[in-house]
Amino acid sequence: MALIHAKTATGRREIEDRGLRLAPALRSVLLLVDGQRDSNELKQMGQGLRAPDDALEQLAALGLIEVVGGSAEKPSGQPLTTLLGDDPLRYQQLRDWMAESVRKHLGLKGYLMQIRIERSRDALGLEQLWPEVASALGKAKSPAFASRWLEETRALVSAN
């Protein structure tokens with residue numbers, strides 16, 4: 001059974017003030033916790049960030065996240081690739097959004113990330129880059145900015 005986690009008030013405060021000085025990979029996992037992704041999806045994305053296998057458990061032990069539900073299926077009922085479907089215009093829109101965000105907010109520091117976005121061949125490849133983009137935006141701008149970017153990106157994908 002996959003569990004659904006959400007940030008606690010303490011977790012949201014940690015995003016804002018970085019008081020606990022979490023390891024970068026653990027912080028990135030915290031940024032990904034949104035009350036919609038299940039634990040399996042979060043753990044898979046965490047592997048791409050080289051986060052510890054027990055990242056969710058560590059965040060829960062620190063009181064930064066809590067279980068808000070659980071089911072055997074994805075909470076949205078649809079993976080990103082289903083949401084985008086085979087529509088090349090929607091895929092291109094997401095790719096352009098991510099590339100423009102990196103260019104605008106990271107400049108030359110985001111050059112390698114920009115290349116990875118451009119080389120991405122499918123929606124899943126783009127989604128796997130979200131934590132890295134959000135982490136870089138959080139460092140360059142603020143954690144709150146990174147959280148808003150993740151929310152806007154998810155909204156863009158979910159839009160009809």
Side-chain angles (χ1 to χ4, degrees), residues 2 4-7 11-18 21-53 55-56 59 64-65 68 73-160:
I4 311 291
H5 293 84
K7 291 179 195 77
R12 289 187 296 276
R13 246 188 334 273
E14 175 60 23
I15 295 296
E16 293 290 327
D17 64 21
R18 297 179 184 224
R21 300 192 186 282
L22 296 173
L26 199 57
R27 179 174 175 70
S28 294
V29 172
L30 178 60
L31 284 169
L32 291 171
V33 173
D34 61 1
Q36 296 178 8
R37 292 185 178 105
D38 66 35
S39 55
N40 293 334
E41 187 177 1
L42 290 168
K43 286 181 180 189
Q44 181 181 16
M45 294 173 86
Q47 288 174 346
L49 297 168
R50 296 189 178 136
D53 291 337
L56 294 176
L59 293 171
L64 301 175
I65 63 173
V68 295
E73 297 180 22
K74 290 176 124 346
S76 68
Q78 297 177 322
L80 178 64
T81 52
T82 303
L83 289 171
L84 288 175
D86 291 329
D87 185 349
L89 291 176
R90 292 195 65 208
Y91 164 74
Q92 185 65 43
Q93 183 183 18
L94 176 61
R95 193 170 96 176
D96 290 348
W97 160 256
M98 290 176 66
E100 177 62 17
S101 296
V102 169
R103 185 199 62 74
K104 182 176 179 182
H105 300 293
L106 301 177
L108 290 175
K109 291 180 183 177
Y111 178 73
L112 293 177
M113 191 173 301
Q114 185 91 17
I115 290 173
R116 292 177 63 204
I117 290 168
E118 294 297 327
R119 288 183 179 167
S120 178
R121 298 283 181 223
D122 57 24
L124 186 58
L126 289 175
E127 186 177 25
Q128 290 173 344
L129 291 173
W130 289 1
E132 292 177 56
V133 173
S135 179
L137 291 172
K139 289 177 186 174
K141 296 291 185 181
S142 73
F145 182 87
S147 291
R148 282 192 307 275
W149 182 86
L150 278 172
E151 289 171 15
E152 290 172 11
T153 304
R154 185 163 279 289
L156 175 70
V157 169
S158 298
N160 290 329

When rounded to the nearest 0.5 angstrom, what distance separates [atom1] in [X] from [atom2] in [Y]?
| X | Y | atom1 | atom2 | value |
| --- | --- | --- | --- | --- |
| Gln44 | Arg37 | CD | CZ | 11.0 Å |
| Leu32 | Leu42 | CG | CG | 6.5 Å |
| Glu118 | Asp96 | CD | CG | 7.5 Å |
| Glu132 | Ile117 | CD | CD1 | 9.5 Å |
| Lys139 | Arg18 | NZ | CZ | 7.5 Å |
| Leu150 | Leu137 | CG | CG | 8.5 Å |

For [X] and [Y], work out which heavy atoms get closest and say how close.
| X | Y | value |
| --- | --- | --- |
| Leu64 | Glu14 | CD2-CB, 3.9 Å |
| Lys7 | Leu30 | CE-O, 3.0 Å |
| Val29 | Ala51 | CG2-CB, 3.7 Å |
| Ala134 | Ala146 | O-CB, 3.1 Å |
| Thr153 | Leu94 | CG2-CD1, 3.8 Å |
| Leu126 | Ser120 | N-OG, 3.3 Å |

If you measure from the Lys or Arg side-chain nitrogens to the Asp or Glu carboxylate oxygens, is any gap between Arg148 and Glu151 under 4.0 Å? no

What's the verdict on side chain to side chain contact (heavy atoms under 4.5 Å, CB included) for Leu59 and Leu22, showing C-alpha distance, side-chain angles and the deciding distance? CA-CA 10 Å; Leu59 293 171; Leu22 296 173; 4.2 Å; yes

Give me the ring orientation class for Trp149 and Trp97: parallel if the planes are under 30° apart, tilted from 30 to 60°, perpendicular past 60°. parallel

Is there a donor-acceptor contact under 3.5 Å from the side chain of Ser135 to the main chain of Pro131? no

Donor-acceptor under 3.5 Å (Arg103 side chain, Gly110 main chain): no

Ile115 side chain reached by Arg119 side chain, heavy atoms, under 4.5 Å: yes

Got Leu129 and Met113 here, is their nearest side-chain heavy-atom distance under 4.5 Å? no

CA sep, side-chain torsions, deciding dist, call: Glu16, Arg13, salt bridge (Lys or Arg N to Asp or Glu O under 4.0 Å): CA-CA 5 Å; Glu16 293 290 327; Arg13 246 188 334 273; over 6 Å; no

Using a cut-off of 6.0 Å, state whether more than 12 heavy atoms not belonging to Tyr111 lie near its atom OH. no

If you count heavy atoms of other groups shown closer than 6.0 angstrom to CG of Asp17, is the number above 12? yes

